[in-house]
There are 2 protein chains.
Amino acid sequence: MKIGELAQRTGVSIRSIRYYEQQGLLSPLRQENGYREFSTFAEEQIRTIQLYLTLGLSTEQIAYFLHCVMKNKEAFCQEVLPLYEQKLTEINLQIQNLEHIKSNLEERILSIHNEQEHLASNQKLL
Amino acid sequence: MKIGELAQRTGVSIRSIRYYEQQGLLSPLRQENGYREFSTFAEEQIRTIQLYLTLGLSTEQIAYFLHCVMKNKEAFCQEVLPLYEQKLTEINLQIQNLEHIKSNLEERILSIHNEQEHLASNQKLL
DNA sequence: CTTGACCCTCACACTAATGTCATCCTTTAT
DNA sequence: ATAAAGGATGACATTAGTGTGAGGGTCAAG
């Protein structure tokens with residue numbers, strides 16, 4: 001199938017499919033006219049790529065184990081686990097950081113509200 | 001004081017200070033030779049900018065209320081509260097998203113471990 | 001007068017996946 | 001034969017703050 005059909009079937013833009021190829025995630029054959037020729041297998045492959053992207057892995061990381069994962073189950077690919085664990089560590093750090101900011105923001109919002117109430121009650125007294 | 005001294009006193013790079021000026025957060029005077037001339041007040045201003053940056057506000061957002069905040073307390077600046085609340089909403093969305101990814105990753109890691117144990121015990125039987 | 005330490009502006013690099021546009025080629029339908 | 005649809009490549013834009021380097025002034029000490 002040609003790239004347009006693959007894009008439509010997967011919901012991934014043509015641009016992105018070309019990018020995945022450039023990053024070594026896909027290796028479509030070429031027709032004589034230069035058009036990319038994708039097997040039906042590519043459809044599953046694209047969905048798999050998308051899945052890993054939503055997990056926050058980079059195309060480079062995905063390229064590192066995709067060939068294995070497409071043939072076996074994840075658990076059979078040594079490359080996957082360390083990346084998952086590394087990503088999990090990153091995510092935890094990010095969450096921690098965000099929680100920190102969040103509580104800071106909440107404190108500030110609260111104290112603004114308090115000060116404004118205080119102001120309002122002073123106004124009442126006048 | 002000149003930019004180098006200000007950078008040293010605040011720990012913020014010269015590059016960043018110039019950038020803040022470009023974004024309208026600072027308006028140093030200029031000496032006749034073109035050098036920026038900062039008041040001691042700029043030091044506090046830089047620290048305030050940094051504080052808001054760590055809260056995840058953009059220089060554009062900071063520019064929007066900095067003039068007020070530098071003169072009054074936050075609570076007196078109408079512009080601040082909506083930005084805080086907007087940022088808080090964003091942060092909560094990000095956290096939610098990260099938690100989602102996190103649990104997905106954890107599940108996958110767990111299931112890989114399980115499968116590998118399963119594999120190992122099968123090997124023992126041989 | 002020279003050296004070295006500062007200062008200036010301008011501009012590119014970075015991250016990473018995707019959008020978008022320009023220009024050109026191929027195929028298919030009219 | 002021509003027009004429309006779709007494919008190819010290449011390149012720039014996006015985000016936002018910061019690093020870095022070029023090329024060139026300024027100033028003070030020796």
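Throughout, a chain's letter reflects where its sequence line sits, starting with A, and its residues are numbered from 1. In what follows, every heavy atom counts, from backbone to side chain, and hydrogens, waters and symmetry copies are set aside.
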Distance check: side-chain N/O of [X] vs OP1/OP2 of [N], anything under 4.0 Å?
X	N	answer
B/S13	D/dT18	no
B/T59	D/dG17	yes
A/R15	D/dA8	no

Roughly how many Å is it from [atom1] in [X] to [atom2] in [N], rounded to a whole number?
X	N	atom1	atom2	answer
A/Y19	D/dC12	OH	P	17 Å
B/L55	D/dA16	CG	C1'	17 Å
B/I3	D/dT26	CD1	P	17 Å
A/Q22	D/dT9	CD	C1'	11 Å
A/M1	D/dG7	CE	P	12 Å
A/N33	D/dT9	CG	C1'	14 Å

Worked check of salt bridge (Lys or Arg N to Asp or Glu O under 4.0 Å) between A/E21 and A/R30: CA-CA 12 Å; A/E21 178 186 3; A/R30 294 294 179 131; 3.3 Å; yes
Terminal contacting nucleotides, 5' and 3', DNA chain C versus chain A (heavy atom, 4.0 Å): C/dA17 to C/dT27
5'-most by nearest nucleotide on DNA chain D - A/R18 or B/E60: A/R18
Earlier contact from the 5' end, DNA chain D, for A/E21 and A/Y35: A/Y35
Candidate pair A/E37 and A/K2, rule salt bridge (Lys or Arg N to Asp or Glu O under 4.0 Å), full reasoning: CA-CA 5 Å; A/E37 174 63 35; A/K2 284 179 290 182; over 6 Å; no
Contacts of B/R18 that satisfy side chain to side chain donor-acceptor pair (under 3.5 Å) - sequence neighbours left out: none
Donor on one side chain, acceptor on other, B/Q94 and B/E90, under 3.5 Å: no
Polar side chain donor-acceptor pair, A/E106 to B/Y84, under 3.5 angstrom: no
Sugar-phosphate only, base, or nothing, as touched by A/R36 at under 4.0 Å among non-hydrogen atoms: sugar-phosphate
Within 6.0 angstrom of A/H67 NE2, more than 12 heavy atoms from elsewhere: yes
Nearest-nucleotide comparison on DNA chain C, the residue closer to the 5′ end among A/L57 and B/K2: B/K2
B/V12 and its side chain to side chain contact (heavy atoms under 4.5 Å, CB included) partner, picked from B/I46, B/I49, B/L6: B/I46
